[in-house]
Every structure is written in structure tokens, then in C-alpha cells.
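Below: one structure, written as C-alpha cells.
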Protein chains: 2
Amino acid sequence: MLTDTLKYRKSRQREKILEILRNTKCHPTADTIYLEMKDEFPDLSLGNVYRNLNILVETNMIKRLDFGSTFNRYDGNCETHSHFICEKCGEVSDLEINENFNPEDFIKNSNGKKVKNFTLEFSGICENCR
Amino acid sequence: MLTDTLKYRKSRQREKILEILRNTKCHPTADTIYLEMKDEFPDLSLGNVYRNLNILVETNMIKRLDFGSTFNRYDGNCETHSHFICEKCGEVSDLEINENFNPEDFIKNSNGKKVKNFTLEFSGICENCR
DNA sequence: TTCTATGCAAAAAGTTTGCAGTTAA
DNA sequence: TTAACTGCAAACTTTTTGCATAGAA
């Protein structure tokens, strides 16, 4: 857990952020997380949410996603999975893909690049917007 | 070409942006494009580069890419291909994938979502940083 | 002539950072 | 006791926008 890392101490705020991200399937923005925490932490600052999100990304507890140009979203599920973004409402959801799927098999020529990770993202119209 | 669209008139600046994006394999940021155009258009403003990039994205002449959290990059190649981002130097390059590759085949359950597009991105260490 | 394109500058939106006080270990 | 964590506010970066003028059709 967080306490495994030497550099960082425990913080109630950071644990709450992780809990929120672990317990939701949608992929909230920093601001959404901030608003969700305000009840429990009335003095919380948005800057601190960003600071902790960066620490969680750095320690591989969460992933930063990049959808569209507007703002970042965060994901508490670090296992390989894909995302689907609705072109109408902008909602981001998970999409399960087969475990045996390895996109590296489809690379024509890696030209000496060492591939370590991949992300696969889909877009279209979600079930609510059809 | 651009003149096909009804709404927009021809603009030397916009054509230059398109030319730059068509003639490079790296995926420049708005600011990089702006700097590259400064010689030919000394009065050019960065705001106008952004305006034209948005028009080009809207008319499907180029694609907006989203790597990392810092800023957007643009791509003049609208055919299906993948990108590779180096975790060390941050450079973004193209990666060819097989034509018959269709990631939709690997979706477990689309839950009523209508998938229209996908993007596949790889990361790792590039040939120069190994 | 009409309406889009432009440069400029200001504003907006998202994110980071410096500081002084607080808190975990 | 030490160094990380915090709120606050200011700063920073990227992108958008309002306005008056220039330019394409």
C-alpha cells in the first residue's frame, strides 16, 4: 500500500482519493474528486488534490488518462483494460477486452523501439445517447 | 481540399499549418507550429494557430492527439495508425500496424455502445534513448 | 459587399508552486 | 524531532475569445 513507499507518509486525503478512484467505474477529473471530498474535508484545497493525484500516479497506484483536450481524468484500475468515450455526452467508461489480446502482435516494424505499455481507447455513441 | 467546405474561406496561414503537418512525421504542438511559421508570417499570432488547428480538426483534415498532461499535439496523417511515445525523451512517433487489425474483435462486451473509432498508443523507450 | 480570417491583448481553464503552519512517524 | 502534508493564494501554461481591421469570394 501507500505506506510501502519510503518517501511518502500516510495522509487521510490521499487515501480518500485512492478510495474514490477504486470504487468508481467512471473516471473523474481532479475537480470532481475535489468536490466529492469537500463534505469530509471542508478545508480541502484543489491544489492538494492535484498534488496527491501526482503522487499516486508516480507510485503507480492510479493512472492518468487523456481524453480530449480539456482536462485529465484518473483511473484507479491499473489492470489492462480499455476505455470508451462517448462522442455526444463525453462520458468515459470502461470496456473489457480479452486477456489474450496483445496489440504488439500487430506492429509491423518497431524500428528498435522497446515497447513497454499500450493504451487502447474507443469512441462512439454510448448506450444512453443512442 | 479546404475550399470544399462551405463555411470556411481559404487562408494562407491555415494552408501552411496543414502543409507542415502533412510533411512531418513528428507530431508538433501548437507552439512548435507557430514558431515554424514565424519566418514566413512575422505577424502571426499563436491564437490564430489555435483557431486554425481547431478548424482543421473540425473538418477532419488533421487529428488532435493527447499525450501526457501537458499540451496537445497534432497529426496530419488521418489514416489508421498508432503512436509511440518515449518515456524518457517524450518524443512522439508513428508506429505502423497491420491493416487487418481490428481491435473491436477483442471487445468482450460492448453493452450497447456503438463503437466508431479507436486509438492505439504505445509507450516505452525509443531507439535513441536505449 | 458580405462575412471569414487576422493580430492583438485580455481572459479563461487547468495545473503547479512557494510559504508558513500542521501532522505523521 | 524531522520531514512530509496541508490550505491558501499567487503564478504558470495552454487554450480560447472579443474586438477592430484586413482580406477572400
Side-chain angles (χ1 to χ4, degrees), chain A residues 1-19 21 27-59 61-75 90 92, chain B residues 1-19 21 27-59 61-75 90 92:
Chain A
M1 295 304 295
L2 277 177
T3 44
D4 289 350
T5 67
L6 296 169
K7 201 170 154 191
Y8 299 112
R9 295 179 181 170
K10 205 160 99 174
S11 118
R12 285 179 55 230
Q13 287 89 335
R14 188 152 68 235
E15 290 189 330
K16 180 68 185 181
I17 292 174
L18 189 56
E19 184 197 317
L21 286 170
H27 303 75
T29 63
D31 195 61
T32 307
I33 294 169
Y34 167 72
L35 291 173
E36 193 166 334
M37 292 176 70
K38 261 293 189 183
D39 277 347
E40 196 174 332
F41 303 89
D43 293 333
L44 183 69
S45 67
L46 185 54
N48 194 37
V49 173
Y50 276 107
R51 248 185 310 230
N52 278 315
L53 284 169
N54 287 340
I55 291 173
L56 290 169
V57 169
E58 183 196 330
T59 52
M61 310 295 284
I62 64 170
K63 277 187 184 168
R64 204 196 318 270
L65 312 177
D66 300 285
F67 289 102
S69 64
T70 39
F71 33 69
N72 290 322
R73 289 168 174 273
Y74 296 87
D75 190 344
V92 180
Chain B
M1 293 304 295
L2 277 179
T3 45
D4 291 348
T5 67
L6 297 169
K7 199 169 156 194
Y8 299 110
R9 296 179 180 169
K10 204 159 98 173
S11 119
R12 287 179 53 232
Q13 287 88 336
R14 189 153 65 235
E15 290 187 331
K16 181 67 185 180
I17 292 173
L18 190 55
E19 185 197 318
L21 286 171
H27 303 76
T29 63
D31 195 61
T32 308
I33 295 169
Y34 167 73
L35 291 172
E36 194 166 332
M37 292 176 71
K38 260 292 187 183
D39 277 347
E40 196 173 333
F41 304 88
D43 292 334
L44 183 69
S45 66
L46 185 55
N48 194 36
V49 173
Y50 275 108
R51 251 185 308 231
N52 279 316
L53 284 169
N54 286 340
I55 291 172
L56 291 170
V57 170
E58 183 196 328
T59 53
M61 311 294 284
I62 64 169
K63 277 186 184 167
R64 205 197 314 271
L65 311 177
D66 300 284
F67 289 101
S69 64
T70 39
F71 33 68
N72 289 323
R73 289 167 174 274
Y74 297 88
D75 190 344
V92 179

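Scope of the values below: all heavy atoms of this structure, side chains included, with no hydrogens, waters or symmetry mates. Order of the sequence lines sets the chain letters (A, B, ...), proteins ahead of strands, with each chain counted from 1.
Taking only side-chain nitrogens and oxygens, B/Gln13 never comes nearer than 4.0 Å to OP1 or OP2 of C/dA5. At least one side-chain nitrogen or oxygen of A/Ser45 sits closer than 4.0 Å to the OP1 or OP2 atom of D/dG7. At C/dA5, one or more side-chain N or O atoms of B/Arg14 fall inside 4.0 Å of OP1 or OP2 (strictly under the cut-off). Distances shown here put every side-chain N or O of B/Thr29 at or beyond 4.0 Å from the OP1 or OP2 atom of D/dT14. Applying the 4.0 Å criterion to OP1 and OP2 of D/dT15, one finds that B/Asn54 has every side-chain N and O outside that range.
Rounded to whole Å, atom P of D/dC5 lies 12 Å from atom CD1 of A/Ile17. For the pair B/Leu46 CG and C/dA11 P, the computed distance is 18 Å after rounding to whole Å. Counting to the nearest Å, the C1' atom of C/dA5 and the NZ atom of B/Lys7 are 13 Å from each other. If you measure from atom CD of A/Glu40 to atom P of D/dG7, you get 12 Å, rounded to the nearest angstrom. Rounded to whole Å, the distance from CG on A/Asn52 to P on D/dA4 is 14 Å. Distance A/Glu58 CD to C/dT15 P: 18 Å, rounded to the nearest Å. Following rounding to the nearest Å, A/Asp43 (CG) and C/dG21 (C1') show an atom-to-atom distance of 13 Å. The distance from atom CZ of B/Phe41 to atom C1' of D/dA22 is 15 Å, rounded to the nearest whole Å.
Each of A/Thr59, A/Leu56, A/Asn52 was scored for a side-chain contact (heavy atoms from CB on, under 4.5 Å) with A/Tyr8, with one residue passing: A/Thr59.
Both B/Arg51 and B/Asp31 lie near DNA chain D, and the one whose nearest nucleotide falls closer to the 5' end is B/Asp31.
Of the candidate nucleotides C/dG7, C/dT15, D/dA25, C/dG7 has the atom lying nearest to any side-chain atom of B/Asn48. Relative to the side chain of B/Arg9, the nucleotides D/dA3, C/dC3, C/dG14 differ in distance, and C/dC3 lies closest. Among the nucleotides C/dG7, D/dC5, C/dT15, the one closest to any side-chain atom of B/Leu44 is C/dG7.
Side-chain contact between A/Arg14 and A/Met61 is absent, with no heavy-atom pair separated by less than 4.5 Å. The shortest distance between side-chain heavy atoms of A/Ile17 and A/Ile62 does not fall below 4.5 Å. Side-chain atoms of A/Arg64 and A/Asn54, non-hydrogen and from C-beta on, do get closer than 4.5 Å to each other.
Remark: A/Glu19 engages A/Lys16 in a salt bridge, criterion side-chain N to carboxylate O under 4.0 Å.
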